[in-house]
Number of protein chains: 2
Amino acid sequence: MTTQVFIVDDHYMVIEGIRSLLQLEKSIDWVGHATNAASCLAFLRQQLPDVILMDINLPDKSGIDLCKEVKQLHPSVFVVGLSTFNQQSFIAKMMENGASGYVLKNATKEELLEAIEAAAKGKTYLSDEAAQTLRKNTDADVPVLTRREKEVLILIAEGLTNNEIAEKLFISPATIDTHRKNLLTKFDAKNTASLVKMAMQLQLI
Amino acid sequence: MTTQVFIVDDHYMVIEGIRSLLQLEKSIDWVGHATNAASCLAFLRQQLPDVILMDINLPDKSGIDLCKEVKQLHPSVFVVGLSTFNQQSFIAKMMENGASGYVLKNATKEELLEAIEAAAKGKTYLSDEAAQTLRKNTDADVPVLTRREKEVLILIAEGLTNNEIAEKLFISPATIDTHRKNLLTKFDAKNTASLVKMAMQLQLI
DNA sequence: CTTTCTATCCCTTAAAAACAGGATATTTTA
DNA sequence: TAAAATATCCTGTTTTTAAGGGATAGAAAG
């Protein structure tokens, strides 16, 4: 029995690379590719592969969101995340959204095949590096912000003062001050400068 | 006459993709690949290809630095930058360091071939998107900082106050204040928060 | 050798942020 | 429903920045 594989990646060279890697595998049936989320969803309306290899970075939508949608619309399809970055938050989010595995783009042919086979059987596969990353920082270091706090954080980083933010959000400057205090505490930041730096590093801005 | 091509990229799948793209081209002679800067330099001690396709992101060294080294050691070798990101600063730096071209990883086979052929002839090739990016922000928006300003900027982003920075650098707090003023002016930033954000975005921190 | 750039230092005033305490109403969630 | 989280607001004080001005000495570059 062969496994039908579809790939979504905005990089032509990566698609070509994976196609060439899988070409000679008898157990793999290459059913097509897409370079963005929209055409991936369009394809799925016609045909359902067993496994989708899905890049995290797509032009129209993040792979993380696409994964969620695909699993909602077509629960029988297994998704394997594919990415350059070995970033804990991305991996965790993909898995939360129903992915069956995660493979880095510097993975070997063997790792890739293992991931596809595991996914096809409904099992979970994480490449060694990805698994290691997940184990390291389970969560801990990424502060959980409320909606309001995120709003305020973004406006702070844009260079607005408390008064300007207060006007923009139609609330008292004193409230902004409180949100600021809470942000500094949550990030364990000493002042605005380090707060902004940390938030940028964690890609919260 | 065939063009000898070598590739440096830390992603196995990309190497595989490019190999598969170039395999059938009679004018291209694939001489090998490396997944890091060190083994690329080692290879060049044995054999000199005509063109090197070089990723910007390598595990041991940035492609930008590697490009500079390669051109110093082996001026006859032409380098074509290869990257996921369409970032003006990267492209500009690659070209400054002697690259003959720049291709994005979502380029088509035709673009890639064109770039390799142009490079082999000593000409310059930029993929459409890359050229567009370069034209947009020729320079303008990336402020030129002095060594001292960079130092101060980094310490500001780490959350140090003027007094703390002054102690660390053994200079007067007043001087830090001046550097701060100059940084705000150069970045056209309203305050520290936006300064740090901009500097992070331009990857100066 | 003169001009420009860089790095250094100083003063003043006003604005903004950090810090330390609170308080209260509304959601969420366990 | 009771506890927890969220969002709102307040009064202070102290520290830090921002913005304006100006000055000097050395290095680099024309």
Side-chain angles (χ1 to χ4, degrees), chain A residues 89 92-93 96 138-202 204-205, chain B residues 92 96 138-202 204-205:
Chain A
S89 59
K93 280 179 194 160
E96 270 172 40
T138 339
D139 28 18
D141 56 350
V142 181
V144 180
L145 304 184
T146 67
R147 224 176 304 162
R148 209 46 154 176
E149 283 167 347
K150 265 184 211 166
E151 264 184 296
V152 172
L153 176 58
I154 288 167
L155 294 174
I156 287 174
E158 277 176 18
L160 304 203
T161 66
N162 285 349
N163 286 325
E164 288 166 341
I165 297 172
E167 269 188 54
K168 199 154 213 170
L169 301 182
F170 305 108
I171 53 181
S172 157
T175 308
I176 309 295
D177 195 52
T178 305
H179 288 310
R180 246 196 152 97
K181 271 189 275 192
N182 293 334
L183 283 167
L184 289 176
T185 306
K186 283 190 178 180
F187 277 85
D188 193 24
K190 201 188 158 197
N191 54 29
T192 304
S194 61
L195 171 70
V196 172
K197 186 192 165 194
M198 287 166 151
M200 291 284 291
Q201 282 176 336
L202 297 173
L204 297 174
I205 301 180
Chain B
E96 270 173 41
T138 337
D139 29 19
D141 55 350
V142 181
V144 180
L145 304 184
T146 67
R147 225 176 302 162
R148 207 47 153 179
E149 283 168 349
K150 266 184 211 166
E151 263 184 296
V152 172
L153 175 58
I154 289 168
L155 293 174
I156 288 173
E158 277 175 18
L160 304 203
T161 66
N162 285 350
N163 285 325
E164 289 165 340
I165 297 172
E167 268 188 57
K168 199 156 213 167
L169 301 182
F170 304 109
I171 52 179
S172 157
T175 307
I176 309 297
D177 195 52
T178 304
H179 288 311
R180 243 197 155 98
K181 272 190 274 191
N182 293 335
L183 283 167
L184 288 174
T185 307
K186 284 190 178 180
F187 277 85
D188 194 25
K190 202 187 157 197
N191 54 29
T192 303
S194 61
L195 171 69
V196 171
K197 185 191 167 195
M198 287 166 151
M200 291 284 293
Q201 281 176 335
L202 297 172
L204 297 175
I205 302 179

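Proteins come first, then strands; the chains are lettered A, B, ... in the order of their sequence lines, and each starts at number 1. FYI, side chains are in, hydrogens and waters are out, and symmetry mates aren't considered; it's all heavy atoms of this structure.
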> Which of the following nucleotides, D:dG21, C:dA20, C:dA17, is nearest to the side chain of A:R180?
Replying inline: C:dA17

>> Tell me which residues in residues 194-201 of chain B lie within less than 4.0 Å of DNA chain D, going by non-hydrogen atoms.
In response: none

>> With a 4.5 Å cut-off on side-chain heavy atoms, are A:T161 and B:K190 touching?
In response: yes

>> Closer than 3.5 angstrom, by distance alone: can the side chain of B:N182 be matched with the main-chain N or O of B:T185 as a donor-acceptor pair?
In response: no

> Between B:L204 and B:M198, is any pair of side-chain heavy atoms under 4.5 Å apart?
Replying inline: no

>> How many whole angstroms separate atom CD of B:E164 from atom P of D:dT16?
In response: 7 Å

> When all nucleic acid strands are considered with a 4.0 Å heavy-atom cut-off, which category describes A:I156: base, sugar-phosphate, or nothing?
Replying inline: nothing

> For the pair made of CD1 in B:I165 and P in C:dA7, what is the distance, rounded to whole Å?
Replying inline: 15 Å

> Can you tell me if CD on A:E167 sees more than 12 non-hydrogen neighbours from other groups inside 6.0 Å?
Replying inline: no

>> Nearest whole Å is fine: how far is D:dC10 P from A:I176 CD1?
In response: 12 Å

>> Rounded to whole Å, how long is the line connecting atom CD of A:E167 with atom P of C:dA16?
In response: 11 Å

> If you measure from the Lys or Arg side-chain nitrogens to the Asp or Glu carboxylate oxygens, is any gap between B:E149 and B:R180 under 4.0 Å?
Replying inline: no

> Atom CG of A:L160 and atom C1' of C:dA17: how far apart are they, to the nearest Å?
Replying inline: 15 Å

> Looking at side-chain heavy atoms only, is the closest gap between B:I156 and B:L183 below 4.5 Å?
Replying inline: yes

> Base, sugar-phosphate, or nothing: which does A:N162 touch, judged by heavy atoms less than 4.0 Å apart?
Replying inline: sugar-phosphate

>> Can you measure A:L155 atom CG to C:dA17 atom P for me and round it to whole angstrom units?
In response: 12 Å

>> Quick check on C:dA16: is either OP1 or OP2 less than 4.0 Å from any side-chain nitrogen or oxygen of B:N191?
In response: no

>> Using every non-hydrogen atom in the two residues, find where A:I205 and A:M200 come nearest and quote the distance to one decimal.
In response: CB-SD, 3.9 Å

> Can you find a pair of side-chain heavy atoms, one from A:I176 and one from A:N163, that are under 4.5 Å apart?
Replying inline: no

> In whole angstrom, what separates B:K190's NZ from D:dT17's C1'?
Replying inline: 13 Å

>> Whole angstroms only, please: what is the CG-P distance between B:L184 and D:dT16?
In response: 18 Å

>> What I want to find out is whether B:E151 reaches B:K168 closely enough, with some N-O distance under 4.0 Å, to be called a salt bridge.
In response: no

> Between A:N163 and A:D177, who's closer to the 5' end of DNA chain C by nearest nucleotide?
Replying inline: A:N163

Polar atom pairs between nucleotides 6-9 of chain D and protein, under 3.5 Å, N or O only, would you list them?
residue : atom : partner : partner atom : Å
D:dA7   : OP1  : A:R148  : N            : 3.4
D:dA7   : OP2  : A:T146  : OG1          : 2.3
D:dT8   : OP1  : A:R148  : NE           : 3.1
D:dT8   : OP1  : A:R148  : NH2          : 2.7
D:dT8   : OP2  : A:R148  : NE           : 3.0
D:dT8   : OP2  : A:H179  : NE2          : 3.1
D:dC9   : OP2  : A:S172  : N            : 2.5
D:dC9   : OP2  : A:T175  : OG1          : 2.7
D:dC9   : N4   : A:T178  : OG1          : 2.7

